[in-house]
Each structure stands twice: as C-alpha cells, then as structure tokens.
S.K.: 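Right, I'll just put the structure down here and ask away after.
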Amino acid sequence: MKRTKVIDALKRTDFGSEITVMGWVRSKRGSKGIFFIALNDGSTIKNIQIVGEDQNFDEETVKLITTGACLRVVGTLVESPAAGQASEVQARQIEVLGTCDNTYPLQKKGASWEYLRTVAHMRPRTNTFGAVLRIRHNMAMAIHTYFHQHGFFYFHTPLITASDCEGAGNMFQVTTKNLYDLRRDDEGKIDYSDDFFGQQVALTVSGQLEGELGATALGQIYTFGPTFRAENSNTPRHLAEFWMIEPEMAFYDKQDLMDLEEDFIKYCVRWALDNCRDDLEFLNKMVDKTLLERLEGVLKESFVRLPYTEGIEILQQAIKDGKKFEFPCEWGDDLASEHERYLVEEHFKKPVIMTDYPKEIKAFYMKLNDDGRTMQGTDVLFPQIGEIIGGSVREENYDKLMAEINRRGMETEKLEWYLDTRRWGSCPHAGFGLGFERLILFVTGMQNIRDVIPFPRTPKNCEF
Ligand code: ATP
Ligand code: MN
C-alpha cells in the first residue's frame, strides 16, 4: 500500500515517474471522454488533480468515482498545464477502496456550522475542519516546542482529583457508586467510604495547584491536558471539556509573568503563520477575510498593560460618552466579555494584559498588593475572544495566604498538601492558564468554540 502523500506529490518534479496516491474525492468533472478528479488525503488543504480517459477504465468503476469516495490511484506524475498546480497524475489504474453514495452527509458544499456539528464524526473530511485540525496540531507542537526550548518541564497533573481549585468551575463528579442505591449517614449525607477512592472526587477544573508543586521543585513546569468544567454557560467560548496549558514558574514576578504571556502567545501565532500558511490562506478566504491581517497585527503590537482600576475608568468614560453595555462595570465588578472586547477592539485596538484586580473577584491564591484590596492577576484579553489567558502571581507568604483562606471561610482540611509549599522553603512564583481552544479560535478566525475541537462537549451534548 505504499503511497505518496498529496502534500509531497504536489512538490515532486520528477515528471514521468510512476506514483500511487490515495484519498477521498472532493469533486469529479468530465468532458469529451476525459475526467478530472480533485483528490484530497488530509495531508494538506490542497487537492491533487487526477486525469483519466474514460476508454481506459471500465464503466462500472468510473460510475463509482463519486464525491466522498475513497480511491487508490496508480499513474504517472506529469507537469500540470493548469494554473496553480505544478503536478498532476495521469491515471493508469483506479481502485475504489470505499464507495460513497448520495446519502453522504457532506455531499453539498456550504453546509452550516450547526449542521456540521450534527455530523461531527464526518466533518474532519471538510476543507474547513481539515484546516482547523491541522492548525490545532501545529499549535500543540508550537506549545511543546516553546516550553521545551525555554527550559520548562512538561508536568502531568491528575485528571481525577479531590481538590477543587477553589471553585474555578463546577465539577463533574467521578464515582463507581450505584446511583440507584446510595447509602446515607444519619444527617442524610452520602457516605463515600465505600466509593472507589473512599472519598468524593471529581474531574479537574485546573491543574494549577498541583502545578505549583512542580514549579516549586523543578523551577519551571507546564501542563497541557484536558480540563472539565460543568458550567452551564452556553456561549461560543465555553466547553465542558477543553484543553488547558498551565505554565508555573518559580522566581517570577508580575513583570516576568506578563513578559512570558506576551512572548508565548506571539510565538504561537508566528508558528501558525510560518507553518500553516496554506490552511490560513484558505480560512482567510473562506471564513474570515481579516484573519491574516489580525494575526500579523498581534505580532507587531506591544500588548497594553492596564491596571483594572484604569480599565474601569476608561469604561466609565465610554458610558458617559454614550456607549451602552448590557452589564454594569463599577469598580469591583467582574468584567463581562463585552467590556473586555470594548477595551481591546475599540479603545486600544490591540491586546491588553489587565492587571491588579479587586480581590473579591479573584481566587484565594493570588498575591495581594500592598493596597490590601487588589491582587496581582494578569489576564490577557484578545480581540474577538475576550479572555484568552488567566494568570497571576501566587501568594507565597503562608500567613497572608491563610488570612485570605480564613477570610473566605474556606476549609483547609483538603488543602494542607498545597499549604506545605508555603510551610517549607516557600518561594515567589507565578503562572497562567491558556485555554487551548480559545487560542485556536483566534488563530483560525472561527467564531464558535464547538468548531475548533473534534468532539465538542457542551450542556446536553455529548455525542460521538
Ligand atoms: P471565563 O471568565 O472566560 O469563563 P475563567 O476566568 O473562568 O474564564 P480561568 O479559570 O481563568 O477561566 O481559566 C484559564 C483559561 O482557560 C481562560 O483564560 C480561558 O482561556 C480558558 N477557559 C476557561 N473556561 C473555559 C471553558 N469553559 N471552555 C474553554 N476554555 C476555557
Ligand atoms: Mn480567568
């Protein structure tokens, strides 16, 4: 079954050689006893043209060459007379490996994103999803390469956990208990002592707390894995199962952290421009005409570094000048995505790293500023997306951290292992979380997060 991949066949110039290609028929047309097949094998957005003469093939075979059918073609590589392609294949032998009749759900061009989600098991065969999925792979490679080259260690944090990262999101419980026959104690509480782990556990909402253990031992680590949040927010930017990248660095202060956030995102965007050119050009043509411009724009600009308090002032001024927002934005409010996008897309017209948030809207582990009311968060806000990174300097002082934990009335019983990092050899450190799919949204220009992951999981949807 030796074959030449289409991506390689299109680069070959040894015209006259025999070649075998395999792939799926994108389209077939014919005239005057000659047929032309556009064949795609997923290695590239580009198709290779197969040319054949009807008289050289039996009629039955030619009839089976329909859109979506899978073929093995043996022939001669020839220089193509057609514009936009160097080579094509003059077919000598065609075998239909898999037929495809007219019930094929991707028969018609221009199907809606919503329709394609209902056939998510087949949509990788479309041009757009092929492009998105190749870019997704490339972004994963960019991320591992970046961290590896910068001396970070890939650190594996657990997916099943008894810690809840302080309500970063609602959790999916994991149990082997018989849900039809739950034993309860005298107070009506479920008894987990006979559950698989002997306690209540769930799928992780963030690997950060465990990541901090890695950073305070290895210096610099990153995680890259699935993350689960049972949030009932049906938005174009939230999934119940998504992938998160969480670097955590010892001896980083706020400045170091912001520099890393900016450098890292720019590296990923540059990687896409350098390695995914054909797919980006396709998406720029078919999905979002400003995509390439926006990607190149991000590389040129320095990200604005904006304290939350100044951000609120800008938003208040905008309201005075007649701007209407759906949600309030007084000092102390968590910014809604409309506010984030106003700052990024209309006010500054470039990415913003927002810093120093009120402590009431941020997590317990963030480092408190001397003003006693703001914390050293450093979220990155992006055009089209809103929050793409959530980051912060961590509170390394045991007493201050405990004071915040007590102020919030949190139980420390299940956090002792985390507090140990501050008990013994505590060190200044910082980190952030990047939502992988939000990065893919930005890099592809796609509008809905359901369309940048092969199998999206959202409320009431867990197909395939
Ligand atoms: P948001 O406010 O957008 O819901 P968050 O503040 O809850 O996000 P964090 O806990 O800071 O998110 O998580 C870090 C990053 O993970 C976010 O900046 C975002 O890129 C990504 N992220 C968070 N929740 C989701 C989700 N449900 N689906 C996809 N990505 C997510
Ligand atoms: Mn956040």
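In this text the structure is predicted, and so the values were computed from the model without any measurement. For ligands, and for the atoms within them, numbers begin at 1 and follow the listed sequence. FYI, side chains are in, hydrogens and waters are out, and symmetry mates aren't considered; it's all heavy atoms of this structure.
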S.K.: Heavy-atom contacts with Ile389 under 4.0 Å: which atoms of ligand 1 show up? List them by number with element.
M.R.: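 Contacts of ligand 1 toward Ile389, numbered from 1: 18 (O).
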S.K.: For ligand 1, which atoms, with element, lie under 4.0 Å from some heavy atom of Gly433?
M.R.: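 Answer for ligand 1: 14 (C), 15 (C), 18 (O).
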S.K.: Ligand 1 versus Arg438, non-hydrogen atoms closer than 4.0 Å: side chain, backbone, both, neither?
M.R.: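 Within the 4.0 Å criterion, Arg438 contacts ligand 1 through side-chain atoms alone.
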S.K.: Does Glu246 have a non-hydrogen atom less than 4.0 Å from ligand 1?
M.R.: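 The answer is no: ligand 1 sits nowhere under 4.0 Å from a heavy atom of Glu246.
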S.K.: Ile388 heavy atoms, cut-off 4.0 Å: which ligand 1 atoms fall inside?
M.R.: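 Answer, ordered by atom number: 18 (O), 20 (O).
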S.K.: List every atom of ligand 1 that sits less than 4.0 Å from any heavy atom of Arg237, numbering the atoms from 1 in the order shown and giving each element.
M.R.: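 Answer for ligand 1: 28 (N), 29 (C).
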S.K.: Yes or no: does Ile449 have any heavy atom under 4.0 Å from an atom of ligand 1?
M.R.: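 Heavy atoms of Ile449 do come under 4.0 Å of ligand 1.
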S.K.: Relative to the ring of Trp113, is the ring of Phe129 parallel (under 30°), tilted (30 to 60°) or perpendicular (over 60°)?
M.R.: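 Correct class here is perpendicular.
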S.K.: For atom 9 (P) of ligand 1, state which one of Gln208, Met244, Arg229 supplies the nearest heavy atom.
M.R.: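 The residue whose heavy atom sits nearest atom 9 (P) of ligand 1 is Arg229.
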S.K.: Just checking, any donor-acceptor pair under 3.5 angstrom between side chains of Gln317 and Glu313?
M.R.: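 Glu313 and Gln317 do not have a side-chain donor-acceptor pair below 3.5 Å.
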S.K.: Less than 3.5 Å between some nitrogen or oxygen of Gly435 and one of ligand 1, yes or no?
M.R.: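 By distance alone, the answer is yes.
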S.K.: Salt bridge (Lys or Arg N to Asp or Glu O under 4.0 Å) between Lys362 and Glu404: does it pass, once the steps are laid out?
M.R.: CA-CA 11 Å; Lys362 286 295 181 186; Glu404 189 60 27; over 6 Å; no
S.K.: Can you find a side-chain donor-acceptor pair between Tyr222 and His144 that sits under 3.5 Å?
M.R.: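 Judged by distance alone, the side chains do pair up.
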S.K.: In terms of side-chain heavy atoms, does Gln208 have a donor or acceptor partner in Tyr365 at a distance below 3.5 Å?
M.R.: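 Yes, side-chain donor-acceptor contact under 3.5 Å.
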S.K.: Using the side-chain hydrogen bond (donor to acceptor under 3.5 Å, both in side chains) criterion, which residues pair with Asp263? Sequence neighbours excluded.
M.R.: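 Once residues adjacent in sequence are excluded, the partners of Asp263 under the side-chain hydrogen bond (donor to acceptor under 3.5 Å, both in side chains) criterion are Tyr146.
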S.K.: Would one find an N or O of Leu239, backbone or side chain, under 3.5 Å from an N or O of ligand 1?
M.R.: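 Leu239 vs ligand 1: N/O contact under 3.5 Å present.
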S.K.: Could Glu338 and Lys323 be called an ion pair, given the rule that one side-chain N must be under 4.0 Å from one carboxylate O?
M.R.: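 Not counted as a salt bridge, because no side-chain N and carboxylate O are separated by less than 4.0 Å.
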